[in-house]
Amino acid sequence: VVLTGEFLSIVAFDRSGVVASRPINIHQEPALFLHIIVGCLFLDVYEFGLDPTVHPELVGEIEVDGEWFDIVDIIHVEGGLCGRGTVCYYVRKDGVYYIIKDRWVVVGKGDKEAKILKSLEGLKHIPTVIKDVPVMFNGKKDTTEFLRQSKNARDVHVEIREHRRMLLQPCAHSLSNFRDLVELLTAIRDVVNGE
């Protein structure tokens, strides 16, 4: 909610960009102003934009296709408000470790990453895709389309994005985690040699 002088707008940011309501004059439309303010008081945290499929407590959890995984570490976070918003998690379930790649892909362009990885399955140093599924919220795919359903919003071209999670295995360590230069160069040599 943005209040500038006597005008109020509702502004929402998501992975496709920003959406704003028409500004209302709070003095000329006091009932609508009160309705918006009272409505905000009764929203739960998920309606404000928090992801209900991630519980970021001390030992957090993340859901993939109905299964919950313990978050061991967050490996990568892509900066910025718009775009893929990739976050990679190092996770564990029943003593087995995985990587979860959480990202927002453009609907209609096709996300080729999982297909490419599946086509390379069996090669050394290529992770295996266990699952690549949409994130579901209240029984529906989590997309950026919800905020763009009005006629005015549809008149503006914007890429609709779908929230997806890929479950991968095996897990490897980041290049920054090598003990010394010799260990790093040995790993690079092995990759080049295909070992």
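As a basis for the values below, the full set of heavy atoms in this structure was taken, side chains included, without hydrogen atoms, waters or symmetry mates.
- Heavy atoms from other residues, nucleotides or ligands lying under 6.0 Å from NZ of K93 number more than 12.
- Closest heavy-atom contact between S9 and P23: OG-CA, 3.4 Å.
- Between V91 and D70, every side-chain heavy-atom pair lies at or beyond the 4.5 Å cut-off.
- Salt bridge present: E113 and R84 bring a charged side-chain N and a carboxylate O closer than 4.0 Å.
- Taking the salt bridge (charged side-chain N to carboxylate O under 4.0 Å, His left out) definition, one finds that E63 meets it with nothing, sequence neighbours left out.
- The two residues T144 and E159 have their closest heavy-atom pair at OG1-O, 4.1 Å.
- Closest approach of G17 to C82, counting heavy atoms only: CA-SG, 3.4 Å.
- Using a 4.5 Å cut-off on side-chain heavy atoms (C-beta onward), L117 and P127 make contact.
- In this structure, V129 and M166 have side chains that are in contact, with non-hydrogen atoms separated by less than 4.5 Å.
- Note: the hydrophobic cluster containing V133 does not contain W68 (ILVMFWY, side chain heavy atoms under 4.5 Å, direct or indirect links).
- Residues T86 and W104 fail the side-chain proximity criterion, which asks for heavy atoms closer than 4.5 Å.
- Taking the side chain as every heavy atom from C-beta outward, I10 and I36 approach each other to under 4.5 Å.
- Partners of T143 by side-chain hydrogen bond (donor to acceptor under 3.5 Å, both in side chains), not counting sequence neighbours: none found.
- With a 4.5 Å cut-off on side-chain heavy atoms, Y89 and D102 count as touching.
- With a 4.5 Å cut-off on side-chain heavy atoms, R164 and D132 count as touching.
- Using a 4.5 Å cut-off between side-chain heavy atoms of Ile, Leu, Val, Met, Phe, Trp and Tyr, L41 falls into a hydrophobic cluster with V38, F42.
- Look at R103 and E78 and you find no salt bridge, because none of the NZ, NE, NH1 or NH2 atoms lies under 4.0 Å from a carboxylate O.
- The nearest pair of heavy atoms linking K131 to D65 is NZ-OD2, 3.5 Å.
- Both L168 and I126 sit in one connected hydrophobic cluster of ILVMFWY residues. Membership requires side-chain heavy atoms under 4.5 Å apart, directly or through other members.
- Atom NE2 of H35 has 12 or fewer heavy atoms from other residues, nucleotides or ligands within 6.0 Å.
- Contact of the V11 side chain with the V18 side chain is registered, since non-hydrogen atoms from C-beta on lie closer than 4.5 Å.
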